[in-house]
J.: 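Please read through the structure below; I'll follow up with questions.
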Protein chains: 2
Amino acid sequence: MRNAEFDREKVLRSAMTAFMDKGYGKTSMQDLTKATGLHPGSIYCAFDNKRGLLIAALEQYKTDRSAEFQQFFSGNHAVLVELKAYLDNIVQECISCEAAKACLLTKALNEMAQQDEDVQKIITENLANWQQGIADVIAKAQANGELSSERDSLHLARYLVMGIYGLRTFAHTHPEAETLQQLAEQLFADITA
Amino acid sequence: MRNAEFDREKVLRSAMTAFMDKGYGKTSMQDLTKATGLHPGSIYCAFDNKRGLLIAALEQYKTDRSAEFQQFFSGNHAVLVELKAYLDNIVQECISCEAAKACLLTKALNEMAQQDEDVQKIITENLANWQQGIADVIAKAQANGELSSERDSLHLARYLVMGIYGLRTFAHTHPEAETLQQLAEQLFADITA
DNA sequence: GAATATCTTGAATGTTCATTCAAGAAACGG
DNA sequence: CCGTTTCTTGAATGAACATTCAAGATATTC
């Protein structure tokens, strides 16, 4: 008996970064061996192939993002305050590093559309899960009386998700902090109006 | 002397479609020869290389989209009516065919981010141009008195552009007509509120 | 500490791809 | 209708790529 030497989470996070940098297609196995520190054989042993590594990385991404989401909404603050902080954090992601690196899910979704049904299904499920999380948060704010219940929480969540997608794409062409912050504020205002 | 046999516009539109279908990277020269009907040698003679064909296709795309834009806003209707029709048309694009095929500019932008500076610049300029077109339309509506001048036309245009980006990405996971129409209506309402 | 099981290594493999180029075809000018 | 120029053709080229695998290394077990 003998255990694998590498740290699976670290490897997957490196792979995530590599895929976000160049996209799945343009990330070569050589890039991945460099990023992860693993040799081809090890990658193929642990993840079957490049696609398997992507799928495992997507899973890790989901885990990491879920934990982050919980962090933002587990405080004792008003829900809308937490939501605003969450949105601001997304804006910061778009500003600080490269916008392209912002989200593995949407990046892969754009690339894989109509090409790999299984991967697309995984991504779609993850995004649906995220949207539901936001809908739950909004519903909580409505139950609290922080937010009017006039508009359906699911509709509001969809609109916010759409806005976040748009914000990320917008950041590709206009990475200026001021512009993005303004857009995010308007988005938040329209949701909470 | 002898003239080229192929129709440049037709070739570029075929290339556009091919690039939108699979993305630039995954579109092989073989795909392009099949799509355009041109042999490799002819493509290299006319456009230098695959990248040159993309750039030429982007130029054609800009031309085609500009003409379409003019069409939508050259009627005698109220500007806001025209704008709503324009937005509805974008929603229809997202529904009817595959959402991935919706926009060469954003598709290529997502793929090329941080990889090909020249191409990114071309795309960014085209998108900025489009945004300015929308800002002009909005300013016209404000001058008309159709729309309050309280909010800056550029800000409104940015917000609308962001929403359209988001709508297209959203359509990748939820191509249902009802959902997209609802989102577009809310977006329009928030702009014109 | 020997035997065994498992993991690691990285060169080899075969495929796919963008690109080239020399030969052939077709239009034009005289 | 011949010579020249330009365009077309598609097989050939070499590079890059994902993947494999046999040899080597290392931990665990008895």
Side-chain angles (χ1 to χ4, degrees), chain A residues 1-58 104 107-108 111-112 114-119 122, chain B residues 1-58 104 107-108 111-112 114-119 122:
Chain A
M1 204 62 117
R2 188 186 164 198
N3 293 328
E5 282 174 8
F6 61 86
D7 178 339
R8 198 185 150 90
E9 285 195 7
K10 271 189 190 171
V11 164
L12 289 179
R13 294 213 182 90
S14 312
M16 267 171 38
T17 309
F19 284 138
M20 285 196 276
D21 263 335
K22 294 198 176 188
Y24 175 74
K26 282 213 189 78
T27 305
S28 69
M29 268 296 160
Q30 208 173 355
D31 293 332
L32 290 168
T33 58
K34 207 174 293 179
T36 61
L38 261 50
H39 292 248
S42 302
I43 294 181
Y44 278 79
C45 180
F47 306 104
D48 275 22
N49 48 33
K50 189 182 162 186
R51 183 168 170 274
L53 182 55
L54 173 68
I55 290 172
L58 284 169
L104 180 58
K107 176 112 186 163
E111 189 176 346
M112 300 289 179
Q114 247 96 18
Q115 305 215 55
D116 188 323
E117 244 177 77
D118 295 338
V119 170
I122 291 171
Chain B
M1 202 64 113
R2 190 188 163 195
N3 293 328
E5 283 174 5
F6 62 87
D7 177 339
R8 194 167 203 270
E9 285 196 7
K10 270 189 190 172
V11 163
L12 289 179
R13 294 214 182 89
S14 312
M16 268 172 37
T17 309
F19 284 138
M20 284 196 275
D21 262 336
K22 293 199 177 188
Y24 175 73
K26 282 211 188 78
T27 305
S28 68
M29 267 296 160
Q30 207 171 356
D31 292 332
L32 290 169
T33 57
K34 207 172 293 180
T36 61
L38 258 51
H39 292 249
S42 300
I43 293 180
Y44 278 79
C45 179
F47 305 105
D48 274 22
N49 50 29
K50 189 182 159 186
R51 183 169 171 274
L53 181 55
L54 173 68
I55 291 172
L58 284 169
L104 180 58
K107 175 112 187 164
E111 189 176 346
M112 300 289 178
Q114 246 93 22
Q115 305 216 57
D116 188 322
E117 243 177 79
D118 295 339
V119 170
I122 292 172

J.: Which residues satisfy the side chain to side chain contact (heavy atoms under 4.5 Å, CB included) test with A/A46, sequence neighbours excluded?
T.: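 Side chain to side chain contact (heavy atoms under 4.5 Å, CB included) list for A/A46, sorted by chain: A/F6.
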J.: Mind calculating the distance between CG (A/L38) and C1' (C/dT9) to the nearest angstrom?
T.: 11 Å
J.: Which whole-number value in Å describes the distance from B/R8 CZ to D/dC7 P?
T.: 13 Å
J.: Can you list everything that forms a salt bridge (Lys or Arg N to Asp or Glu O under 4.0 Å) with B/K26? Sequence neighbours excluded, please.
T.: A/E111
J.: Ignoring backbone atoms, test whether B/H39 places a side-chain nitrogen or oxygen under 4.0 Å from the OP1 or OP2 oxygen of D/dG10.
T.: yes
J.: Output the rounded distance in Å from CG (A/L32) to P (C/dG10).
T.: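 Answer to the nearest Å: 17 Å.
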J.: Would you please name every residue forming a salt bridge (Lys or Arg N to Asp or Glu O under 4.0 Å) with A/K22, sequence neighbours left out?
T.: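 Expected list: A/D31.
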J.: Write out all pairs satisfying ring pair (Phe, Tyr, Trp, His ring centres under 6.0 Å) with one or both partners inside residues 15-46 of chain B, taking only residues at least two apart or from two chains.
T.: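 Checked against ring pair (Phe, Tyr, Trp, His ring centres under 6.0 Å) - neighbours excluded - the pairs reaching residues 15-46 of chain B are B/F19-B/Y24.
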J.: Write down the distance between NZ (B/K34) and P (D/dG10), rounded to a whole number of angstrom.
T.: 14 Å
J.: Does the side chain of B/L32 reach to within under 4.5 Å of the side chain of B/M29, using non-hydrogen atoms?
T.: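 B/L32 reaches B/M29 side chain to side chain.
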J.: Let me have a per-nucleotide readout for nucleotides 14-21 of chain C, 5' to 3', with B, S or -, counting only protein heavy atoms under 4.0 Å.
T.: ----SBBB
J.: Enumerate the salt bridge (charged side-chain N to carboxylate O under 4.0 Å, His left out) contacts for residues 33-54 of chain A, please, sequence neighbours excluded, ordered by first and then second residue.
T.: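 Found A/R51-A/D116, A/R51-A/D118.
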